Amino acid sequence: MDRIVVEVDDISAKKWRYASEEKKSRLNTTINSILRKAFDKPEDDFWQFLDKIGKKAEANGLTEEQLNKLLNEE
């Protein structure tokens with residue numbers, strides 16, 4: 001496993017610092033999966049890929065409010 005640095009907004013950084021190890025582990029797994037898929041595609045497909053993920057999440061009932069709630073749980 002290798003480490004990288006990703007810049008995020010101040011609120012996300014603070015929440016990360018205070019998140020449980022279990023939550024950090026779940027987020028690491030999710031972020032790793034997203035990055036792997038994104039880098040397997042040509043760069044111009046990256047934004048299409050993100051749009052597709054967003055539409056799929058929305059179709060499955062995930063709203064922006066629910067996403068924020070998930071990101072804010074401790």
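These values consider heavy atoms only, across backbone and side chains, with no hydrogens, waters or symmetry-generated copies. Please read all numbers here as calculations on a predicted model, not as lab measurements.
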- Mind jotting down which residue pairs meet the side-chain hydrogen bond (donor to acceptor under 3.5 Å, both in side chains) criterion with at least one end in residues 28-40? Sequence neighbours excluded, please. none

- Ignoring hydrogens and angles, tell me if any N or O in the side chain of Asn60 forms a donor-acceptor pair with the backbone of Leu62 under 3.5 Å. no

- Query: Does atom CD of Glu58 have more than 12 heavy-atom neighbours, drawn from other residues, nucleotides or ligands, at distances under 6.0 Å?
  - Reply: no

- Message: Would you say that more than 12 heavy atoms from the other residues, nucleotides or ligands in this model lie under 6.0 Å from the NZ of Lys24, or not?
- Response: yes

- Message: Could you tell me if the side chain of Ile4 sits less than 4.5 Å from the side chain of Leu35, heavy atoms only?
- Response: yes

- Query: Taking only residues two or more places apart in sequence, or in another chain, which ones meet Glu7 in a salt bridge (charged side-chain N to carboxylate O under 4.0 Å, His left out)?
  - Reply: none

- Hey, quick one: are Trp47 and Phe49 part of the same hydrophobic cluster, counting side-chain heavy atoms closer than 4.5 Å, chains of contacts allowed? yes

- Query: Cluster question for you: counting only ILVMFWY and a side-chain heavy-atom cut-off of under 4.5 Å, with indirect links fine, are Phe39 and Ile31 together?
  - Reply: yes

- Partners passing side-chain hydrogen bond (donor to acceptor under 3.5 Å, both in side chains) against Glu22 (at least two apart in sequence or in another chain): Arg26

